[in-house]
Q: 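The structure follows.
Just so you know, these numbers use all the heavy atoms, side chains as well, and skip hydrogens, waters and symmetry mates. For this chain, numbers begin at 1 and follow the sequence in order.
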Amino acid sequence: VLSFRGVDLHVEKYPALRAMGVNLHGIISGNGDAYVTRTNIFADHGEAHVGASGASYQIFPGMKPLLLGDITASVQLEQGKVTIEQMDSHGGDLSISGRGVIQLQPDLPYSEIAIKFDLSVTPAGRERLGILLNFLPHPPNAGPYFLSGTLAFPRLS
């Protein structure tokens with residue numbers, strides 16, 4: 001069993017995240033417990049509660065980072081399924097509120113996603129994101145978005 005607690009961790013200081021292509025910045029705190037096996041993801045279980053402040057994400061090199069603001073999330077792991085019970089962000093370029101599940105597979109990129117979320121964009125976010133907003137399936141605030149597919153090939157509708 002792994003129990004963890006972290007307070008005021010500056011995520012940009014962790015080279016492992018950068019090595020995975022995660023260009024996330026901000027201060028994160030959280031706690032949780034997990035029982036994780038090496039061979040049977042369906043026996044794994046746990047929970048985590050995470051909060052971040054001043055979060056931002058670099059979408060493309062050379063582009064101004066997307067300001068995510070303050071984020072809170074509660075996640076459960078049970079029998080190979082990650083349930084996002086609650087995830088909210090506010091105070092940045094956009095506000096997100098969502099929940100859903102990720103059905104884990106032994107080959108992680110093939111894990112299936114089913115997440116529903118609402119999205120609203122601030123005027124500063126519209127300026128920062130510009131034309132990228134045109135790639136959304138519908139304008140923000142016009143109804144929920146659905147993230148499906150796999151971790152390797154997600155689909156947004």
Side-chain angles (χ1 to χ4, degrees), residues 1-59 65-121 132 135-157:
V1 174
L2 168 69
S3 292
F4 63 91
R5 177 175 173 79
V7 178
D8 294 341
L9 304 172
H10 293 256
V11 294
E12 65 273 10
K13 293 183 179 180
Y14 294 90
L17 291 174
R18 283 194 312 275
M20 292 186 301
V22 177
N23 295 313
L24 189 62
H25 293 259
I27 300 170
I28 190 169
S29 298
N31 63 65
D33 297 294
Y35 173 80
V36 180
T37 65
R38 290 182 138 178
T39 58
N40 185 0
I41 62 173
F42 300 103
D44 299 346
H45 55 87
E47 66 179 328
H49 305 280
V50 179
S53 60
S56 65
Y57 183 75
Q58 185 76 42
I59 299 172
L66 173 64
L67 303 179
L68 300 172
D70 300 330
I71 302 169
T72 60
S74 293
V75 178
Q76 294 282 332
L77 170 63
E78 191 69 39
Q79 296 182 338
K81 181 169 70 172
V82 175
T83 301
I84 302 164
E85 295 180 332
Q86 161 272 327
M87 196 280 305
D88 296 294
S89 76
H90 63 278
D93 290 333
L94 44 84
S95 295
I96 299 173
S97 179
R99 52 187 28 91
V101 297
I102 302 171
Q103 186 65 52
L104 298 176
Q105 298 298 319
D107 191 358
L108 197 57
Y110 295 103
S111 299
E112 296 179 26
I113 308 166
I115 298 173
K116 176 182 175 183
F117 64 96
D118 292 303
L119 173 71
S120 61
V121 181
L132 291 178
F135 291 101
L136 292 173
H138 59 77
N141 291 327
Y145 292 94
F146 299 93
L147 189 60
S148 60
T150 64
L151 290 176
F153 299 103
R155 290 186 309 270
L156 183 63
S157 60

Q: Can you tell me how far apart CG (L66) and CG (L24) are? Round to the nearest 0.5 Å.
A: 10.5 Å

Q: Please report the closest heavy-atom contact between S120 and P140, naming both atoms and the distance.
A: CA-CB, 4.2 Å

Q: If I take atom CG from residue D44 and atom NZ from residue K81, how far apart are they, to the nearest 0.5 angstrom?
A: 14.5 Å

Q: In the structure I gave you, are the side-chain heavy atoms of V75 and V50 within less than 4.5 Å of one another anywhere?
A: no

Q: How far apart are the closest heavy atoms of P65 and D93, and which atoms are they?
A: O-OD2, 4.1 Å

Q: Indicate every side-chain donor-acceptor pair of residues 10-17 with a distance under 3.5 Å to a residue at least two apart or in another chain.
A:
from, atom 1, to, atom 2, distance (Å)
E12, OE1, G26, N, 3.1

Q: With rounding to the nearest 0.5 angstrom, report the CG to CD1 distance, L9 to I28.
A: 7.0 Å

Q: What is the distance from atom OG1 of T72 to atom CD of Q86, rounded to the nearest 0.5 Å?
A: 4.0 Å

Q: Identify all side-chain donor-acceptor contacts of residues 94-117 below 3.5 Å with residues at least two apart in sequence or on another chain.
A:
from, atom 1, to, atom 2, distance (Å)
S97, OG, D88, OD1, 2.8
R99, NE, E85, O, 3.1
R99, NH2, E85, O, 2.9
Q103, NE2, G80, O, 3.1
S111, OG, Q105, N, 3.0
S111, OG, L108, O, 2.9

Q: With a 3.5 Å distance limit and no angle check, can you tell me whether H138 reaches the backbone of P144 through a side-chain donor-acceptor pair?
A: yes

Q: For Y35, what residues pass the ring-ring contact (aromatic ring centres under 6.0 Å, His included) criterion, not counting sequence neighbours?
A: H45

Q: Locate the shortest heavy-atom distance separating A55 from I71; write the atom from each residue and the value.
A: CB-CD1, 3.8 Å

Q: Locate the shortest heavy-atom distance separating A48 from F4; write the atom from each residue and the value.
A: CB-CZ, 3.8 Å

Q: Has D70 got a side-chain atom pairing as donor or acceptor with H90's backbone, closer than 3.5 angstrom?
A: no

Q: If you measure from CG on D33 to OG on S3, what distance do you get to the nearest 0.5 Å?
A: 3.5 Å

Q: Whether the S74 and E47 side chains hold a donor-acceptor pair (N or O, under 3.5 Å, no angle test) is what I'd like checked.
A: no

